[in-house]
Amino acid sequence: MESFTKGVKAPTEQYDGSKLRVLIVKTRWNSEIVDSLVEGAINSLTSYKVERSNIHIEDVAGSYELPFAIQTILCNRVYNKFDVAIAIGVLIKGDTMHFEYIAEAVSHGLMRVGLDTSTPVVFGVLTCLSETQALQRAGIGENSHNHGNDWGQCAVEMGMKRERWSKGV
Ligand SMILES: Nc1c(NC[C@H](O)[C@H](O)[C@H](O)CO)[nH]c(=O)[nH]c1=O
Ligand SMILES: CC(=O)[C@@H](O)COP(=O)(O)O
């Protein structure tokens, strides 16, 4: 098989995110790794002209709390009108089945929140079998790539396309 480059190809459009309002909810579990991912997401968002003042960040204890937090904030349309949300957490497998249950619940929960609120929710939760895997995916250390960059880019694209799709293509 031909070799290929793992990862997401950048969108063809040069999006102007200057009008986008972005919600980021991050966890305090594995916070050093999470904060590196958040930094990557913010760098990516601002590279698409998203105003830093339009990026609102909240934190919760762990990944399991992400769906409830994002749903509650997105549904509070009186104060917060967000075009897109990014959930950022890091799950690292331990000695029990806790990892599997949280990963399953959070992935399905975040998908449901996005569909129920008609607001894109970018899945920024690393589900890693080791700390090394998490560090490598947060842009920490050699041969690493910060997936937060990808999530910020995805958030801009989905926020812009949501606007277009909701008006009819
Ligand atoms: N072990 C990890 C957790 N566990 C905590 C849960 O997410 C949750 O906060 C708790 O069960 C209370 O509801 N969370 C992570 O984000 N990462 C982990 O590795
Ligand atoms: C993802 C988790 O909940 C996990 O880190 C907890 O570790 P353990 O399974 O050893 O209790």
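Remember, it's a predicted structure, so these values are computed and weren't measured experimentally. Both counts, for ligands and for their atoms, begin at 1 and track the order of listing.
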Practice prompt. Considering the heavy atoms of I102, write down every atom of ligand 1 situated less than 4.0 Å from one of them.
Written response: 4 (N), 6 (C), 7 (O)
Practice prompt. Let me know which of T127, L129, T27 forms a side-chain contact (heavy atoms from CB on, under 4.5 Å) with L91.
Written response: T127
Discussion item. Salt bridge or not between E100 and K93? Use side-chain N to carboxylate O under 4.0 Å.
Written reply: yes
Worksheet entry | N30: numbered ligand 1 atoms lying under 4.0 Å from its heavy atoms | 17 (N), 18 (C), 19 (O)
Discussion item. For V60, which part has a heavy atom under 4.0 Å from ligand 1: side chain, backbone, both, or neither?
Written reply: neither
Worksheet, complete the sentence: When every non-hydrogen atom of H147 is compared with those of L37, the smallest separation belongs to N-CD2, 4.2 Å
Item to complete: For W29 and S63, run side-chain contact (heavy atoms from CB on, under 4.5 Å): C-alpha distance rounded to whole Å, both residues' side-chain angles, the deciding distance at 0.1 Å, then the answer.
Response: CA-CA 8 Å; W29 257 83; S63 296; over 6 Å; no
Fill in: Nitrogen or oxygen of T96 less than 3.5 angstrom from that of ligand 2
yes
Discussion item. Nearest non-hydrogen contact with atom 3 (C) of ligand 1 belongs to which option: W29, Y64, F68, Y101?
Written reply: W29
Fill in: Donor-acceptor under 3.5 Å (R112 side chain, L115 main chain)
no
Worksheet, complete the sentence: Under 4.0 Å from one or more heavy atoms of G94, ligand 2 contributes atoms 4 (C), 7 (O), 8 (P), 9 (O), 10 (O)
Fill in: Nearest-contact summary for atom 10 (O) of ligand 2 - protein heavy atom, Å
D95 N, 2.8 Å
Worksheet item: Got the closest protein heavy atom to atom 19 (O) of ligand 1, with its distance?
Response: I92 N, 3.2 Å
Worksheet entry | Close N or O approach (V90, ligand 1; < 3.5 Å) | yes
Fill in: Pairwise distance CE(M160) to CG(L20) - rounded to 0.5 angstrom
5.5 Å
Fill in: Minimum heavy-atom distance G141-S144, with the two atoms named
O-OG, 2.6 Å
Practice prompt. Identify, by atom number and element, the atoms of ligand 2 in contact range of F99, meaning under 4.0 Å from any of its heavy atoms.
Written response: 1 (C)
Fill in: For atom 4 (C) of ligand 2, closest protein heavy-atom neighbour
I92 O, 3.5 Å
Fill in: M97, H98, E100: member with heavy atom nearest to atom 3 (O) of ligand 2
H98
Worksheet entry | Atoms of ligand 1 close to S63 [distance to a heavy atom under 4.0 angstrom, numbered from 1] | 7 (O), 14 (N), 15 (C), 16 (O)
Worksheet item: With distance as the sole test, does E104 use its side chain to make a donor-acceptor pair with the main-chain N or O of Y101 at under 3.5 Å?
Response: no
Response to the item:
When distances are taken from atom 8 (C) of ligand 1, the protein heavy atom at minimum range is E65 OE1, 3.4 Å
Worksheet item: Is the backbone of S36 close enough, under 3.5 Å, to the side chain of N146 for a donor and an acceptor to pair up by distance?
Response: yes
